[in-house]
Amino acid sequence: MNSENIIQNFRKTGALLDGHFLLTSGRHSDKYFEKFLLLSQPKIVEELCDSIARFFMDENVDIVVGAATGGIVLAYEVGKKLDTSGIFSERVDGIMTFKRGFSLSKGQRVLLVDDVVTTGGSVFELIKLVKTLEAEIVGIGIVFDRTGGEIDFGFPTCSLYSEVIESWEPIDCPQCKQGTPLTQRGRTGK
């Protein structure tokens with residue numbers, strides 16, 4: 001799936017929103033990606049995950065790992081495409097961890113997946129978790145990179161769509177300065 005098709009799918013599903021949003025990162029933006037409207041479409045998810053899987057198909061991936069909640073769908077579908085397992089991590093008291101019997105083994109070849117990257121915080125948390133367990137990260141697959149590729153995770157990265165979407169600290173937010181209230185949708189509660 002090419003970049004233009006990806007952004008068209010965000011628009012077609014109503015997942016690309018305009019307003020004044022508080023992002024999970026704590027920053028504000030005038031654009032928000034309601035990823036679950038997109039992730040609720042099985043055919044679109046299958047196409048997106050097929051693109052990520054094809055990028056990493058020669059990396060001998062043992063397992064695909066995403067972060068709850070959007071990463072659950074992506075890890076499952078990319079894992080299916082690579083004929084391996086897809087698992088997810090969760091935050092417990094603010095710390096990314098595995099629950100529900102999920103685990104990694106030392107030396108296991110891991111592909112990380114994420115839906116939307118703004119600061120890269122969730123991906124960096126996943127990297128830390130995987131390194132703690134001494135598994136080997138072979139790459140990172142991202143559906144939508146809001147930074148235009150500015151973040152270097154230190155591993156081969158496949159971003160299906162990458163564009164610089166401005167975001168601001170609340171004190172610097174132009175909409176806050178104009179007194180525009182926050183739009184209800186936004187932050188995931190991380």
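Note that this is a predicted model, so its numbers are computed, not measured.
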Q: Do the non-hydrogen side-chain atoms of S167 and H28 ever get within less than 4.5 Å of each other?
A: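 A side-chain contact under 4.5 Å is absent here.
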
Q: How many angstroms lie between CD1 in I44 and CD1 in I6, if you round to the nearest 0.5 Å?
A: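 If we round to the nearest 0.5 Å, I44:CD1 and I6:CD1 are 10.5 Å apart.
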
Q: Measure across K177 and I171 and return the closest heavy-atom pair with its distance rounded to 0.1 Å.
A: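 Nearest heavy atoms, K177 then I171: CE-O, 3.5 Å.
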
Q: Between CZ of F124 and CE of M96, what distance do you get to the nearest 0.5 Å?
A: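 Between atom CZ of F124 and atom CE of M96 there are 12.5 Å.
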
Q: Look at the rings of F144 and F33 and say which category their plane angle falls in: under 30° parallel, 30 to 60° tilted, over 60° perpendicular.
A: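 Rings of F144 and F33: tilted, 30 to 60°.
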
Q: Are F36 and L74 connected in the hydrophobic side-chain network, where two residues link if heavy atoms are under 4.5 Å apart?
A: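 Yes, same cluster.
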
Q: Quick one: are V45 and V73 in side-chain contact, heavy atoms under 4.5 Å?
A: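 In contact.
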
Q: Hydrophobic clustering (ILVMFWY, side-chain heavy atoms < 4.5 Å, transitive) - are L23 and I142 grouped together?
A: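 Hydrophobic grouping puts I142 apart from L23.
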
Q: Rounded to the nearest 0.5 Å, how far apart are OG of S89 and CZ of R100?
A: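 If we round to the nearest 0.5 Å, S89:OG and R100:CZ are 11.0 Å apart.
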
Q: Would you say the side chain of I7 lies within less than 4.5 Å of the side chain of L16, judging by non-hydrogen atoms?
A: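 Side chain of L16 against side chain of I7, heavy atoms only: contact under 4.5 Å found.
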
Q: One thing to verify: whether E125 and K128 come together as a salt bridge, which I'm taking to mean a side-chain N less than 4.0 angstrom from a carboxylate O.
A: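 Between E125 and K128 there is no salt bridge, as every charged N stays at least 4.0 Å from the carboxylate O atoms.
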
Q: Short question: side chain of S162, backbone of S159 - any donor-acceptor pair under 3.5 Å?
A: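 Not a single qualifying donor-acceptor pair exists.
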
Q: Do L104 and I63 come within less than 4.5 Å of each other through their side chains, counting heavy atoms only?
A: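 A side-chain contact under 4.5 Å exists here.
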
Q: Can you get from V113 to V123 by hopping between Ile, Leu, Val, Met, Phe, Trp and Tyr side chains that sit under 4.5 Å apart?
A: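 In one cluster with V113: V123, no.
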
Q: Under the side chain to side chain contact (heavy atoms under 4.5 Å, CB included) rule, what do E163 and T147 come out as? Steps first, then yes or no, please.
A: CA-CA 6 Å; E163 177 183 346; T147 74; over 6 Å; no

Q: Are the side chain of S122 and the backbone N or O of G120 linked by a donor-acceptor pair below 3.5 Å?
A: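 A pair under 3.5 Å: no.
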
Q: Tell me the side chain to side chain donor-acceptor pair (under 3.5 Å) pairs involving residues 129-139, sequence neighbours left out?
A: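 Checked against side chain to side chain donor-acceptor pair (under 3.5 Å) - neighbours excluded - the pairs reaching residues 129-139 are K106-E134, R109-E136.
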
Q: Verify, without hydrogens or angle tests, whether E46 (side chain) and Q41 (backbone) share a donor-acceptor contact under 3.5 angstrom.
A: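 No; judged by distance alone, with no hydrogens or angles, the pair does not exist.
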
Q: Going by ring pair (Phe, Tyr, Trp, His ring centres under 6.0 Å), F88 matches just one of F102, Y76, F98. Which one?
A: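 Passing option: F102.
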
Q: Any side-chain to backbone donor/acceptor pair from T84 onto D62? Under 3.5 Å, distance only.
A: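 Judged by distance alone, yes, a pair lies under 3.5 Å.
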
Q: Could you give the distance from CG (L48) to CG (D115), rounded to the nearest 0.5 Å?
A: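 It is 10.5 Å, given to the nearest 0.5 Å.
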
Q: Should W168 and D30 count as side-chain neighbours, where that means a heavy-atom distance under 4.5 Å?
A: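 Sidechains of D30 and W168: in contact.
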
Q: Is there a donor-acceptor contact under 3.5 Å from the side chain of T183 to the main chain of H20?
A: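 Yes; judged by distance alone, with no hydrogens or angles, the pair exists.
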
Q: When you compare the side chain of V92 with that of K99, does any pair of heavy atoms fall below 4.5 Å?
A: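 K99 reaches V92 side chain to side chain.
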
Q: Quick one: pull up CG in L160 and CD in E47 and give me the separation to the nearest 0.5 Å.
A: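 Here the rounded value is 11.5 Å.
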
Q: With a 4.5 Å limit on heavy-atom distance, are the side chains of R146 and V117 in contact?
A: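 Contact flag for R146/V117 side chains = no.
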
Q: Does a side-chain heavy-atom distance below 4.5 Å link L111 with V78?
A: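 Result yes, sub-4.5 Å side-chain heavy-atom pair found.
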
